[in-house]
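Written out below as structure tokens is the structure these notes cover.
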Amino acid sequence: MDTTTAWETANGALGDAALVVRCGSVAEKLDVLARLQEASNRLDAARTEVMASIAVDRDRRILADCPDEDDTEFDTHCRLEDWSDAPELVAPILGVSLGVATGRLHTAVGLVQRAPALVAEMAAGRLDGYRASMVHADLADAPAAVEAAVVARLVGHARKVGGWVEPVGPLRRRTRTIVARCAPDLPVAGARADRRDRGIDVRGLSETLDEWTWRVPVEDSRLVRAAVEEHAGVLRSENQDLSVPQSRSDALTALVLDHTKVTVHLHAAVPADDTASDLVRLTGFGATDTTLVPTAWLRDALDTGRAVIDQPLLCDPGTGALIAGDITRGFRPSTRHPTPCTTTRGATTATDVDPRYRIPAAIRRFIAFRDKTCRFPGCSISTTFCDLDHVTPWPHGPTTPNNLIALCRRHHRLKQTPHWNVRLLPDATTEWTTPYGKTITTSPVNLLNAIAAAPDLADDTRPDDLSPMERHLTELLTAA
């Protein structure tokens, strides 16, 4: 599409909006809002085509390794997606994670190659990118011919009724209805694929809350929900202050923990200058990098024997990166201390050097705990699934935490390709340089993240004043 037209439409709508917001009537503001939406739709189309072009251009770098003249660009992109560095180039510009960037690039290529009619509707200002991407997602497993036929019917319906008036939910239902008519076997195959997609994802919302996303077959979901609702009702009868969502969360947690026994091993992160604080961060507990509890609460847990910390972790006071400390093999209380690097005495430190290429277990655990995830900008792959890579290749670079970073297999390969460069700074910050000369700086996991002490936290904190995470941790420690 003509990107100049998209820019002119957007700029014109923005200029009118500034004037109307100050002195226009509601009717005028609604008219400007419609024009702004039209401009946004045009920009969505331009963005889609530019992203698709970037993906295809980067794919051409590796076409020689797997040529297939009969493939469409979409098919080629599907095969090369794991090798292309387009997501790494696009993610910082969009301000999204690599996973999100990969998904958007794949969607852009799919829309341009398999559903150009939807892109045309976007370019005309009639359809937004979100609904277009949802339609394409519902048709992703359909043959290209089926997707083209379904899209043609959707476009025809929109023109018949005067526009894309349906929100996402009804539009997706209409899409599935048309698919069932055009290709009756596809919904059954989709249902089988959905069952294979069952699983649980966990991400940290904050230092006190994790968010769980659970995909479960509907027949099991009904039974689980019935059990949770029954127990949640009992909890609400005992505590009138509980909301329905809170009672459901507490009920599900209780039902799970009643069938398991867990023990907890804690590390306390402390700054290298030993600055005192009313709050302490616990590492390795929860989906976030650290969790936050009152120092008085932790001190009481230690005094009563409900928690044991073998050795605090020393952290850089500026970046919060791990400097020294031994990491146990898993988070369970141990009767013996972990073995430090064989070339040193005492705790493993960032400056330990081993003459061998093979990384000692203590240093391996040190790096995994320091980095938490792949160190490529925006990548969130856990170190459990990462390689530990010598930034300066061995033997020119030593086997030391100051020359080691965690990289997932994809970004390990990318680091070894021409024109991608990385530096590991003494404070554990990494600097990545793209093939186009752009430098992206990423910070290490900040185990300190200095904050102001909360004024209402005192040594006489009562159990009822504890956060849900603190109560949960107290119960785990008590059980242990």
Side-chain angles (χ1 to χ4, degrees), residues 99-100 103 134-135 137-142 166-181 183-264 284-288 291 330-332 380-382 384-385 463-464 466-480:
V100 171
M134 290 297 99
V135 170
D138 285 340
L139 298 170
D141 295 329
E166 294 173 313
V168 172
L171 178 59
R172 297 185 75 177
R173 286 194 291 273
R174 180 177 298 279
T175 301
R176 290 192 289 268
T177 299
I178 297 175
V179 168
R181 294 173 181 171
D185 293 337
L186 281 180
V188 176
R192 291 176 181 148
D194 284 345
R195 289 183 178 277
R196 291 193 295 270
D197 194 40
R198 67 187 182 278
I200 293 177
D201 299 320
V202 184
R203 71 183 185 96
L205 286 180
S206 69
E207 291 185 308
T208 58
L209 283 178
D210 289 345
E211 180 179 74
W212 292 54
T213 303
W214 188 12
R215 298 177 300 278
V216 57
V218 292
E219 65 274 13
D220 294 334
S221 175
R222 297 299 184 270
L223 297 175
V224 171
R225 181 170 182 175
V228 169
E229 292 289 2
E230 180 180 3
H231 193 45
V234 174
L235 295 179
R236 288 197 300 273
S237 67
E238 297 172 349
N239 184 353
Q240 301 297 325
D241 293 333
L242 282 178
S243 66
V244 172
Q246 288 173 336
S247 64
R248 288 172 177 166
S249 175
D250 292 349
L252 181 57
T253 300
L255 289 173
V256 172
L257 293 181
D258 283 347
H259 291 82
T260 186
K261 293 182 179 180
V262 293
T263 56
V264 179
F285 190 87
T288 52
T291 49
F331 299 108
R332 295 181 177 85
S380 58
I381 300 295
S382 169
T384 302
F385 309 104
D464 290 341
L466 300 177
S467 69
M469 187 280 294
E470 292 164 22
R471 288 198 301 270
H472 178 53
L473 185 52
T474 299
E475 294 169 357
L476 292 178
L477 292 172
T478 303

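Positions are given from 1, in the same order as the sequence printed here. Just so we're clear, the structure is a prediction, and the values are computed from it rather than from any experiment.
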Could you go through W212 and D201, starting from their C-alpha distance and side-chain angles, then the distance that decides it, and tell me whether this counts as side chain to side chain contact (heavy atoms under 4.5 Å, CB included)? CA-CA 6 Å; W212 292 54; D201 299 320; over 6 Å; no

Roughly how far, to the nearest 0.5 Å, is [atom2] of [Y] from [atom1] of [X]?
{"X": "D220", "Y": "R225", "atom1": "CG", "atom2": "CZ", "result": "15.0 Å"}
{"X": "H231", "Y": "R248", "atom1": "NE2", "atom2": "CZ", "result": "14.5 Å"}
{"X": "E229", "Y": "S247", "atom1": "CD", "atom2": "OG", "result": "7.0 Å"}

Using every non-hydrogen atom in the two residues, find where [X] and [Y] come nearest and quote the distance to one decimal.
{"X": "L242", "Y": "D250", "result": "CD2-OD2, 3.7 Å"}
{"X": "Q246", "Y": "D241", "result": "OE1-O, 3.9 Å"}
{"X": "A232", "Y": "A251", "result": "N-CB, 3.6 Å"}
{"X": "R236", "Y": "S243", "result": "CD-O, 4.3 Å"}

Does some side-chain heavy atom of [Y] sit less than 4.5 Å from a side-chain heavy atom of [X]?
{"X": "T213", "Y": "I200", "result": "no"}
{"X": "V216", "Y": "V224", "result": "no"}
{"X": "N239", "Y": "L235", "result": "no"}

Self-check item: E230, CD atom: more than 12 neighbouring heavy atoms under 6.0 Å
Solution: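 No.
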
Got a sec: does the CZ of R215 have more than 12 other heavy atoms crowding it under 6.0 Å?
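Check passes, neighbour count above 12.
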
Legend entry - Working for side chain to side chain contact (heavy atoms under 4.5 Å, CB included), residues R176 and D138: CA-CA 7 Å; R176 290 192 289 268; D138 285 340; 4.0 Å; yes

**OP:** Report yes or no: does T253 contribute a side-chain atom to a donor-acceptor pair with the main-chain N or O of S249 at less than 3.5 Å?
**Re:**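 Side chain of T253 to backbone of S249: a pair is present.
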
